[in-house]
Amino acid sequence: MSPEILAFVGAVVLVLGSLFAWCLTVLQLPGNWLIVLLAALAAWLIPEETRFSISWLTVAIVFGSAVVGEVLELAVGTVAAKKRGASRRAVWLALVGGIVGAMSGAGGGSIVPVIGTLFGILAGGAGGAFVGAYVGETWKGRSEEQAVAVGRAVAIGRTLGVLGKMIVGVAMVLLVAWDAFF
């Protein structure tokens with residue numbers, strides 16, 4: 001096979017792998033970081049002289065975007081929690097609850113494919129974050145009203161943070177595809 005055909009196949013695998021990685025981000029797994037890894041591997045393995053190569057500048061931009069996505073997700077969720085006076089325990093339990101809830105909510109796709117899965121993940125993640133924060137606050141001895149307020153703030157903050165991180169992930173996939181094919 002010619003180097004150009006191999007490079008084309010590599011670019012297709014890169015874009016499909018990046019899309020798969022983005023789906024992992026939706027599930028609260030480190031998909032954006034997998035996109036960075038895939039882009040770096042492509043930059044290293046696909047010869048620069050082929051039409052379908054990835055530049056190291058693209059890898060650096062994708063890396064920076066992944067950092068921005070993480071900071072965005074963490075900052076939005078933490079700010080919302082701290083505004084309501086969340087304890088550290090509530091924040092950690094909300095994180096765990098959000099991951100468990102997102103994975104549990106993924107089953108919504110069996111009812112309405114794609115949209116149902118996305119909604120199920122977001123709703124499950126928000127619900128899990130709420131329950132985690134609520135448990136953390138009540139365990140800390142806070143009142144029912146305080147626990148509900150913190151849980152609500154954490155659920156909203158987490159949802160907004162995840163949406164922001166997902167948008168960053170889409171931009172990363174598009175950038176990788178653009179550099180590989182255009």
Same cluster or not: are [X] and [Y] linked, directly or through other Ile, Leu, Val, Met, Phe, Trp or Tyr residues, by side-chain heavy atoms under 4.5 angstrom apart?
{"X": "Ile46", "Y": "Trp56", "value": "no"}
{"X": "Leu72", "Y": "Leu74", "value": "no"}
{"X": "Leu34", "Y": "Val170", "value": "yes"}

Contact list for residues 161-170, test salt bridge (Lys or Arg N to Asp or Glu O under 4.0 Å), sequence neighbours left out: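 Residue pairs with at least one partner in residues 161-170: Glu70-Lys165, Glu73-Lys165.
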Would you mind writing out the side-chain donor-acceptor pairs for residues 12-23 within the sub-3.5 Å range, not counting sequence neighbours?
| unit_1 | atom_1 | unit_2 | atom_2 | d |
| --- | --- | --- | --- | --- |
| Ser18 | OG | Leu14 | O | 2.9 |
| Trp22 | NE1 | Met166 | O | 2.9 |

Nearest heavy atoms of Asn32 and Gly169, plus distance in Å: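 Taking Asn32 first and Gly169 second, the nearest heavy atoms are OD1-CA, 3.4 Å.
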Check residues 175-182 and write down every donor-acceptor pair under 3.5 Å in which the side-chain atom is one partner and the other belongs to a residue at least two apart or another chain.
| unit_1 | atom_1 | unit_2 | atom_2 | d |
| --- | --- | --- | --- | --- |
| Asp179 | OD2 | Ser55 | N | 2.8 |
| Asp179 | OD2 | Ser55 | OG | 3.4 |
| Asp179 | OD2 | Thr58 | OG1 | 2.7 |

Among Ile, Leu, Val, Met, Phe, Trp and Tyr joined by side-chain contacts under 4.5 Å, find the other residues sharing a cluster with Val68 and list them by chain and number.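 In the cluster with Val68 there is nothing else; it is isolated.
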Which pairs, with at least one residue in residues 125-175 and sequence neighbours excluded, count as a ring pair (Phe, Tyr, Trp, His ring centres under 6.0 Å)?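 Qualifying pairs, neighbours excluded: none.
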With Glu48 via side chain to side chain donor-acceptor pair (under 3.5 Å) - residues at least two apart: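 Applying side chain to side chain donor-acceptor pair (under 3.5 Å) to Glu48 gives none.
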Under the side chain to side chain donor-acceptor pair (under 3.5 Å) rule, collect the residues that match up with Glu4, sequence neighbours excluded.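 Scan of Glu4 (side chain to side chain donor-acceptor pair (under 3.5 Å), adjacent residues dropped) gives none.
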To the nearest 0.5 Å, what is the distance between [atom1] on [X] and [atom2] on [Y]?
{"X": "Phe52", "Y": "Leu6", "atom1": "CZ", "atom2": "CG", "answer": "11.5 Å"}
{"X": "Leu24", "Y": "Ile35", "atom1": "CG", "atom2": "CD1", "answer": "9.0 Å"}
{"X": "Thr25", "Y": "Ile121", "atom1": "OG1", "atom2": "CD1", "answer": "11.0 Å"}

My understanding is that only residues two or more places apart in sequence, or in another chain, count here; which of them pass side-chain contact (heavy atoms from CB on, under 4.5 Å) with Leu41?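 Leu37, Trp44.
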Does Pro30 have any side-chain contact (heavy atoms from CB on, under 4.5 Å) partners at least two apart in sequence or in another chain, and if so, which?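 Only Trp33 meet the side-chain contact (heavy atoms from CB on, under 4.5 Å) criterion with Pro30.
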Please list, one pair per line, the donor and acceptor atoms closer than 3.5 Å that link side chains of residues 60-67 to other protein atoms, with sequence neighbours excluded.
| unit_1 | atom_1 | unit_2 | atom_2 | d |
| --- | --- | --- | --- | --- |
| Ser65 | OG | Ile61 | O | 2.9 |

Heavy-atom side-chain proximity of Val36 to Met172 below 4.5 angstrom: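 In contact.
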Kindly list each side-chain donor-acceptor pair under 3.5 angstrom involving residues 146-161, sequence neighbours excluded, with atom names and distances?
| unit_1 | atom_1 | unit_2 | atom_2 | d |
| --- | --- | --- | --- | --- |
| Gln146 | OE1 | Ser143 | N | 3.1 |
| Gln146 | OE1 | Ser143 | OG | 3.4 |
| Arg158 | NH2 | Gln28 | OE1 | 3.3 |
| Arg158 | NH2 | Gly98 | O | 3.3 |
| Thr159 | OG1 | Ala155 | O | 2.8 |

Intermediate values then yes/no, side chain to side chain contact (heavy atoms under 4.5 Å, CB included), Leu163 and Leu122: CA-CA 9 Å; Leu163 287 172; Leu122 288 173; 3.7 Å; yes
Donor-acceptor contacts, no H, no angles, side chain residues 79-94, under 3.5 Å, sequence neighbours left out:
| unit_1 | atom_1 | unit_2 | atom_2 | d |
| --- | --- | --- | --- | --- |
| Lys82 | NZ | Ala86 | O | 3.4 |
| Ser87 | OG | Ala90 | N | 3.1 |
| Ser87 | OG | Glu137 | OE2 | 2.8 |

